[in-house]
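Values reported hereafter were calculated over all heavy atoms of this structure, with side chains retained and with hydrogens, waters and symmetry mates removed. Counting convention: from 1, in listed order, for ligands and their atoms alike.
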Amino acid sequence: MTRTPVNVTVTGAAGQIGYALLFRIASGQLLGADVPVKLRLLEITPALKAAEGTAMELDDCAFPLLQGIEITDDPNVAFDGANVALLVGARPRTKGMERGDLLEANGGIFKPQGKAINDHAADDIKVLVVGNPANTNALIAQAAAPDVPAERFTAMTRLDHNRALTQLAKKTGSTVADIKRLTIWGNHSATQYPDIFHATVAGKNAAEVVGDEKWLAEDFIPTVAKRGAAIIEARGASSAASAANAAIDHVHTWVNGTAEGDWTSMGIPSDGSYGVPEGIISSFPVTTKDGKYEIVQGLEINDFSRARIDASVKELSEEREAVRGLGLI
Ligand SMILES: NC(=O)C1=CN([C@@H]2O[C@H](COP(=O)(O)OP(=O)(O)OC[C@H]3O[C@@H](n4cnc5c(N)ncnc54)[C@H](O)[C@@H]3O)[C@@H](O)[C@H]2O)C=CC1
Ligand SMILES: O=C([O-])CC(=O)C(=O)O
């Protein structure tokens with residue numbers, strides 16, 4: 001194989017998403033079946049041994065595309081020469097923790113990681129933040145990396161997008177392959193807004209096919225927005241395989257492009273489009289091509305959508321104010 005390997009850094013590598021993610025990266029599903037990869041696994045010191053166990057299993061898969069694995073607890077080493085960074089490791093909310101405490105604890109993780117990306121990553125670095133609160137963690141990392149173009153920092157709403165695809169397919173008796181142009185707007189949180197007004201089901205307008213605004217407001221939107229909590233309730237642990245799958249989808253689409261006539265959802269720094277305040281990392285409909293993304297422009301936003309987009313964006317603006325107040329950005 002003559003192609004130069006792509007350096008992929010995964011943080012939180014010993015966690016449950018890491019375990020579902022690393023094998024798929026190493027098998028070529030992240031970047032393509034002809035792209036060799038080198039993995040860098042970043043973990044906190046007490047979890048290094050567990051990361052080594054995962055690395056042993058990766059070795060035992062003998063993936064032809066996997067050209068090396070390095071394990072470290074030092075972000076400066078982990079992001080050295082990184083082309084793609086998947087920031088999965090985060091501080092979960094524990095009992096009695098206020099939202100401000102959560103943002104502060106995550107600031108302690110994402111600020112130094114952003115700085116290490118700034119100082120050591122490759123010029124073409126692409127960053128996906130998965131660890132929650134993903135949008136605002138991405139903002140913290142981005143603010144600590146002033147030399148990296150801001151648009152390289154993205155947050156994951158692809159899991160929400162995929163969840164919405166399946167719910168809509170079930171409702172309309174179609175398959176996910178029939179559905180195009182669905183959008184997740186806003187925050188990866190319970191305020192997110194899955195929008196089907198521009199989506200199509202087998203070429204027909206999805207909202208017209210559904211023809212049931214009550215179902216939209218009372219069933220579809222809450223089911224998608226609260227799916228993470230429903231998984232925790234059912235599984236006794238948060239989404240891991242589906243989150244890893246969405247991370248693979250996000251980066252694969254970013255690198256390889258969206259299909260003609262379709263788009264996807266990504267949490268990206270707002271340029272002010274659709275009245276979303278500039279700078280916050282909010283989910284938008286985007287097309288991708290040649291490793292770059294663009295916000296889909298010119299969509300008409302009805303009152304139903306406007307109120308919901310505004311509510312989620314308001315939450316993101318408040319999170320930005322909170323991390324500003326903590327000196328994290
Ligand atoms: N954006 C999205 O759609 C989704 C986001 N998530 C979030 O992804 C994150 C990870 O989830 P899981 O893998 O299930 O959690 P987990 O708790 O199983 O694993 C997290 C790992 O991160 C590591 N870690 C903590 N601080 C670190 C640091 N400073 N550097 C490197 N590693 C560090 C921990 O040691 C642990 O191994 C959580 O924040 C979760 O809420 C989960 C599902 C969907
Ligand atoms: O709340 C969590 O940790 C899991 C999550 O983000 C999701 O499943 O959407």
Are side-chain N/O atoms of [X] and [Y] paired as donor and acceptor at under 3.5 Å?
X: S273; Y: D271; answer: yes
X: W185; Y: S312; answer: no
X: R40; Y: T72; answer: no
X: H250; Y: T154; answer: yes
X: Q167; Y: T223; answer: no
X: N245; Y: S242; answer: no
X: H188; Y: N135; answer: no
X: E315; Y: S189; answer: yes

Check each atom of ligand 2 against the heavy atoms of [X] and keep those under 4.0 Å away; list them by number with element.
X: S239; result: 7 (C), 8 (O)
X: G228; result: 7 (C), 8 (O), 9 (O)
X: R163; result: 7 (C), 8 (O), 9 (O)

Distance from [atom] to nearest protein heavy atom, with residue and atom:
atom: atom 40 (C) of ligand 1; result: N132 ND2, 3.7 Å
atom: atom 32 (N) of ligand 1; result: G12 N, 3.3 Å
atom: atom 9 (C) of ligand 1; result: V88 O, 3.2 Å
atom: atom 4 (C) of ligand 2; result: S238 CB, 4.0 Å
atom: atom 35 (O) of ligand 1; result: E43 OE1, 2.7 Å
atom: atom 18 (O) of ligand 1; result: Q16 N, 2.9 Å
atom: atom 30 (N) of ligand 1; result: Q113 NE2, 3.4 Å
atom: atom 42 (C) of ligand 1; result: I17 CD1, 3.5 Å
atom: atom 31 (C) of ligand 1; result: L42 O, 3.6 Å

Cationic N near anionic O, under 4.0 Å, R324 to E321 | yes
**Message:** Regarding R163 and D160, does a basic nitrogen lie under 4.0 Å from an acidic carboxylate oxygen?
**Reply:** yes
**Prompt:** N/O to N/O below 3.5 Å, does that happen between V130 and ligand 1?
**Reply:** yes
Polar contact flag for S239 and ligand 1 (N/O pairs, less than 3.5 Å):
no
Contact region, R227 to ligand 2, non-hydrogen atoms below 4.0 Å, reads neither
Exercise. State whether the shortest distance between N or O atoms of D160 and N or O atoms of ligand 2 falls below 3.5 angstrom.
Key: no
Per-atom filter on ligand 1: closer than 4.0 angstrom to a heavy atom of M156 are 1 (N), 2 (C), 3 (O)
Taken to the nearest 0.5 Å, the spacing of R181 CZ from D262 CG works out to 7.5 Å
Contact with ligand 1 for A14, non-hydrogen, under 4.0 angstrom: yes
Contact check, P92 vs ligand 1, heavy-atom distance below 4.0 Å: no
With a 3.5 Å distance limit and no angle check, can you tell me whether N106 reaches the backbone of L102 through a side-chain donor-acceptor pair? yes
Between Q16 and S238, is there a donor-acceptor pair closer than 3.5 Å when you use the side chain of the first and the backbone of the second? yes
Test item, M156 contacting ligand 2 (heavy atom, 4.0 angstrom)
no
- Item | contact_flag N132 ligand 2 heavy-atom lt 4.0 Å | yes
Under 4.0 Å between heavy atoms, the region of H188 that gets near ligand 1 turns out to be side chain
